[in-house]
Amino acid sequence: MQKTVNLASEINSQLPAKLVSFMQAAGNIAAYQGQRLYLVGGVVRDLLLGQGNFDLDLVVEGDAIGLAQQLASITQGKITTHPRFNTAKVRWDKWSIDLATARYETYDRPGALPRVAPGSLADDLFRRDFTINAMAVQLNPGGYGQLIDQYGGRDDLEYKLIRILHDKSFTDDATRIWRGLRYEQRLDFQLEQGTLKLLKRDINRLDTISGDRIRDELELVLKEKYPEKVLRRADELKVLAKVHPALKGNGWMTEKFKQARQATASGSPPVGLYLALLAYRMTSEETQQLISRLRLPKQLGQTLLDTSNIKSKIKPLASPGLSPSGIYSILRGYSVAALTASALASDSPAASQNIQLFLSKLRHIKPVLTGDDLMRMGIAAGPQIREVLTRLHEAILDGKVSSRREEMELVEGWLQQNT
Ligand code: ATP
Ligand code: MG
């Protein structure tokens, strides 16, 4: 028999005191209501690993919304509920806690969303992805802190293994393939051999997953600290090719992702920048296919299209003697993410330098004089105003004038030439 493990002291030492008293109060209320409450999923895994994780996921054998209402009223927190699944979120202070009713899931067909029904904790753990994510901790006063580990999650943590719970796991939900790679690379673990075999067997199930769900998974990958590790592994296992056969998780991409982090003040580049780098080597047709496969939202899609368009202009951008106003006219209107990606990814140092110049300086330069100023100087309202402003803008970009007075002198000169 397995010896009982109690995580009360890990909880006390690793979680903020406010969250600990919240969980104790929640356990007390649940017990009073005759329900059983558990801490589950990633936070249990990270407690055992000694890694900070304050995203509490609670599961109740009973009624999550009822319990959440009580908890929201004692913390004076905000509550959001989803009656269909009987789940709720309580937000107070800077914390956000998910409460779910323990549930049983079945899959009508591979790739479909599950059909759910209320169930026991055991049912709820059985529907989970990996053993290391399928542990729970009791929160009711009687057994507070006790670890529930039906699938050997603790051993797998020790042996650094990512293991699914049953042979149909990836057929039920192939997004777990991506999740598995993410945990494997994040934690420096390995896919357990049987799991790896089933991953290979079931890889075509990825074709049954909707674009939205694949995009969500890919976004989670790109929010990891080192997404390139996951993408390389995904390339190696032919998982990345299932997103699009032209995507490559190789040394080039690794290098570019590192540079992207160095170029980003926070050290975590936005998803759009990583995605543009990942897609950089695709043709414009392939880029289009990727945008529709992932059903990218408008802005992300535009970033990829912009990047592809900038790539088609690398040659003129690299031409010797290109003036600042020339650079401006090529690059105006593109998103910052696309420009940043292009500067990092282009294989022409001259083009990269010009894109950098545009990003750091040229794009911020504007004439001081306005259309109103020009009319006061005697230029008739109409298209001429736009033309003069454009010429003026070019002159400023090229350093020919650099103050309001010089701008006025230049315009006056043009007016005299025309009379
Ligand atoms: P992370 O640190 O990445 O947030 P997490 O374990 O908290 O890890 P979540 O995506 O927040 O992961 O999901 C919470 C829990 O829900 C997981 O630990 C896992 O037990 C379960 N889960 C999430 N997605 C799936 C899935 N596709 N299939 C099965 N179980 C899942
Ligand atoms: Mg989580």
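First listed ligand is number 1; within each ligand, the first listed atom is number 1.
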Undergrad: Quiz question for you: does at least one protein heavy atom lie closer than 4.0 Å to atom 11 (O) of ligand 1?
TA: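 Under 4.0 Å from atom 11 (O) of ligand 1, zero protein heavy atoms found.
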Undergrad: Does some side-chain heavy atom of Y334 sit less than 4.5 Å from a side-chain heavy atom of T307?
TA: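 T307 does not reach Y334 side chain to side chain.
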Undergrad: Between ligand 1 and D57, is the shortest N or O to N or O distance under 3.5 Å?
TA: no
Undergrad: Identify the residue among K225, K160, K229 that makes a salt bridge (charged side-chain N to carboxylate O under 4.0 Å, His left out) with D188.
TA: K229
Undergrad: With only distance considered, is R128 within less than 3.5 Å of ligand 1 through an N or O on each side?
TA: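 Yes, at least one N or O pair falls under 3.5 Å.
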Undergrad: What do you reckon, does N133 have a nitrogen or oxygen under 3.5 Å from a nitrogen or oxygen of ligand 1?
TA: yes
Undergrad: Looking at R182, which atoms of ligand 1 are within less than 4.0 Å of one of its heavy atoms?
TA: 3 (O)
Undergrad: Determine, considering heavy atoms only, which of E105, R127, R179 sits nearest to atom 23 (C) of ligand 1.
TA: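 When every heavy atom of E105, R127, R179 is considered, R179 comes closest to atom 23 (C) of ligand 1.
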Undergrad: Quick one, Y183 and D129 - any side-chain contact, counting heavy atoms below 4.5 Å?
TA: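 Counting from C-beta outward, Y183 and D129 do come under 4.5 Å.
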Undergrad: Checking a contact table here: which protein heavy atom is nearest atom 30 (N) of ligand 1, and how many Å away?
TA: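 Answer, as residue, atom name and distance: D129 N, 3.1 Å.
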Undergrad: Can you check atom 4 (O) of ligand 1: any protein non-hydrogen atom closer than 4.0 Å?
TA: no
Undergrad: Heavy-atom distances under 4.0 Å are what count here, so tell me which part of R186 touches ligand 1: side chain, backbone, both or neither.
TA: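 Looking at R186 and ligand 1, just side chain atoms fall under 4.0 Å.
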Undergrad: How about Y328 and F358: are their ring centroids closer than 6.0 Å?
TA: yes
Undergrad: When you measure from atom 7 (O) of ligand 1 to every protein heavy atom, which one gives the shortest distance, and what is it?
TA: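 Result: G42 CA, 3.8 Å.
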Undergrad: Is the backbone N or O of I162 less than 3.5 Å from a side-chain atom of D156, with the two atoms forming a donor-acceptor pair by type?
TA: no
Undergrad: Decide if atom CZ of R363 counts as having more than 12 heavy atoms of other residues, nucleotides or ligands within a radius under 6.0 Å.
TA: yes
Undergrad: Number the atoms of ligand 1 from 1 as they appear, then name those within less than 4.0 Å of a heavy atom of G41, with their elements.
TA: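 Selected atoms, number and element: 18 (O).
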Undergrad: Nearest heavy-atom pair of N86 and T101: which atoms, and what distance?
TA: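 Distance-wise, the nearest heavy atoms are O-OG1, 2.7 Å.
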Undergrad: Are T175 and ligand 1 in contact, using a heavy-atom cut-off of under 4.0 Å?
TA: yes
Undergrad: If you compare all heavy atoms of S352 against all heavy atoms of A343, which two are closest, and at what distance to 0.1 Å?
TA: OG-O, 2.9 Å
Undergrad: Is a salt bridge present between E184 and R233, judged by a nitrogen-to-oxygen distance below 4.0 Å?
TA: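 Between R233 and E184 there is a salt bridge, with a charged N closer than 4.0 Å to a carboxylate O.
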Undergrad: What I'd like to find out is whether the side chain of M253 reaches to under 4.5 Å of the side chain of Y274, using heavy atoms alone.
TA: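 A side-chain contact under 4.5 Å is absent here.
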Undergrad: At a 4.0 Å threshold, what atoms of ligand 1 neighbour a non-hydrogen atom of D173?
TA: 26 (C), 27 (N), 28 (N)
Undergrad: Does ligand 1 come near enough to R45 that some N or O of the ligand is less than 3.5 Å from an N or O of the residue?
TA: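 Right, the criterion is met.
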Undergrad: Pairs of nitrogen or oxygen atoms closer than 3.5 Å, one from D46 and one from ligand 1: do any exist?
TA: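 Between D46 and ligand 1 (N or O atoms, distance only) the closest approach is not under 3.5 Å.
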Undergrad: Please determine if K248 and D235 form a salt bridge, counting it only when a charged side-chain N lies under 4.0 Å from a carboxylate O.
TA: no
Undergrad: Looking only at protein heavy atoms, which one is nearest to atom 28 (N) of ligand 1, and what is the separation?
TA: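 The protein heavy atom lying closest is R176 NE, 2.8 Å.
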Undergrad: Any non-hydrogen atom of Y183 lying under 4.0 Å from ligand 1?
TA: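 Checking ligand 1 against Y183, which is what was asked, there is a heavy-atom contact under 4.0 Å.
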